[in-house]
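Below: the structure, in structure tokens.
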Amino acid sequence: TKKDYEKAAAYLERTNKDVQSDYFGIAKGKNVILINLESTQQFVIGRKVKGEEITPFLNSLIKDSFYFDHVYHQTAQGKTSDAEFMFDQSLYPLSSGSVYVRRPDNEYIAMPEILAKSGYHSASFHGNVASFWNREEAYDAFGYNDFFSMNSYDVTEANSVNYGIKDGAFLEQSMPYLKSLEEPFYSKFLLLTNHFPFILDEEDILLDDADTGVDVVDRYFQTVRYQDEMLQNFFEDLKKSGLYENSVVVLIGDHYGISESYYDGIETYLDEELSTPEELDLQRVPLIIHVPGEEGKTIHHPGGQIDIQPTILHLLGTDTSPYPHFGQDLLADDRDSFVVLRDGDFITEDVTYTKQLCYDRATSKQTDMSRCAPFFEKRNKELYYSDAILNGDLLRFAE
Ligand code: GP9
Ligand code: MN
């Protein structure tokens with residue numbers, strides 16, 4: 001009911017989600033190119049296998065970008081679709097199933113619709129079939145103008161692996177479409193090659209075997225390395241086309257690639273036993289935001305995928321206060337860092353709550369529950385009001 005909507009809106013107002021940073025509006029009028037790094041976890045950034053960097057291109061890009069090294073994925077069963085949903089809508093995903101599949105008929109106020117008010121055209125690019133995760137229907141609900149899916153690409157046996165068209169061919173074939181878009185645009189690219197079980201053709205293997213004794217982990221490093229190389233090519237094409245200077249590029253991982261059953265391989269690779277808070281920290285995904293002309297800066301404060309939408313909107317100089325959203329501008333220094341994962345775990349500036357235990361973030365040691373307990377109510381409310389909005393289709397009452 002409208003009353004329920006008003007309660008949720010009052011909660012969002014009380015918790016002050018609209019703190020702005022000094023960077024508000026620095027990218028006004030620029031295009032946005034958001035790239036979803038499939039299954040890419042933060043821990044690969046800056047690391048090496050047999051002396052070779054796993055992500056040489058991303059490592060160099062970070063030097064002149066905003067880089068967030070403590071952003072956690074907040075996805076649940078909807079995997080990529082949950083991540084995308086947060087980027088576009090800044091609501092939590094559902095605790096089970098995918099919002100795309102379960103709630104495509106809801107009213108939404110998503111990124112494409114918000115940016116359309118400033119004259120932006122919006123497009124999503126993805127090499128898999130349009131019906132996967134019910135994207136076609138969901139994108140209509142979010143207000144996307146274009147969806148370039150499998151039918152828009154020349155997909156052959158030779159240029160495909162695992163789930164479909166390889167990232168290299170996908171990005172290359174996307175360029176003409178991207179160039180043809182009306183500017184300014186908001187575009188979203190969903191990569192595909194770095195997906196479990198991490199299969200590559202021989203010619204695409206650019207990194208030595210890590211020899212962890214766990215094949216999935218060894219292959220993971222190689223598909224991440226391949227993805228990195230294809231991104232480098234894409235950036236070169238962006239530069240050639242002239243789009244680079246006029247676009248904000250956001251790169252972010254959608255969810256973990258290595259599940260708990262393969263942690264042995266990560267422990268062998270890192271040469272250490274993972275503590276409980278370190279296991280939670282494996283749920284971090286890289287977030288890199290490149291704004292042309294801006295100096296590089298690394299931000300260590302914790303954040304989540306739910307924060308992507310307000311962070312981008314603020315860079316573009318869009319006031320987010322009229323739009324219901326649970327995230328915050330990650331560039332705002334004086335924000336209250338509070339990351340709620342979909343299973344109820346959470347991370348604050350000082351503590352981590354996971355496996356029903358409380359940990360001190362500075363020491364990674366278990367600490368008294370009294371330091372985590374004060375956040376339980378806020379955690380519950382975040383998830384409660386977001387669920388209420390989705391299950392009650394409450395955005396239809398928003399102005
Ligand atoms: C498939 C892509 C990958 O279209 O979204 O699927 P997921 O990571 O969600 O399993
Ligand atoms: Mn995914």
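Counting convention: from 1, in listed order, for ligands and their atoms alike. Nothing here was measured: the structure is a model prediction, and the numbers come from that model.
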### Task
Check all N, O or S atoms of Asp254 and name the one closest to the Mn ion (ligand 2).
OD2

### Summary
Looking at Glu38, Gln77, Arg135, the heavy atom closest to atom 5 (O) of ligand 1 belongs to Arg135

### Task
Taking the Mn ion (ligand 2) as the vertex, measure the angle between atom NE2 in His255 and atom OG1 in Thr80; round to 10°.
120°

Do the numbers put [X] on top of the ring of [Y], so that NZ or CZ is under 6.0 Å from the six-membered ring centre and no more than 45° off the axis?
X	Y	answer
Lys378	Phe338	yes
Lys297	Phe66	no
Lys17	Tyr323	no

### Message
If hydrophobic clusters are built by linking Ile, Leu, Val, Met, Phe, Trp and Tyr wherever their side-chain heavy atoms come under 4.5 Å apart, do Phe375 and Tyr359 end up in the same one?
### Response
no

Closer than 4.0 Å to some heavy atom of [X] - which atoms of ligand 1 meet that?
X	answer
His255	8 (O)
Asn128	1 (C), 4 (O)
Trp133	5 (O), 6 (O), 7 (P), 9 (O)

### Task
Step through the shown structure and confirm whether more than 12 heavy atoms of other residues, nucleotides or ligands are within 6.0 Å of CD on Glu272.
yes

### Message
Are there over 12 heavy-atom neighbours, none belonging to Glu6, within less than 6.0 Å of that residue's CD?
### Response
yes

Give the residue and atom name of whichever protein heavy atom lies nearest to [atom], and the separation in Å to one decimal.
atom	answer
atom 10 (O) of ligand 1	His195 NE2, 2.9 Å
atom 4 (O) of ligand 1	His126 NE2, 2.6 Å
atom 7 (P) of ligand 1	Thr80 OG1, 3.1 Å

### Query
For ligand 1, is any non-hydrogen atom under 4.0 Å from Leu192's backbone (N, CA, C, O), its side chain (CB onward), both, or neither?
side chain

#### Entry: Name of the residue among Glu172, Glu203, Glu157 meeting salt bridge (Lys or Arg N to Asp or Glu O under 4.0 Å) with Lys166
Glu203

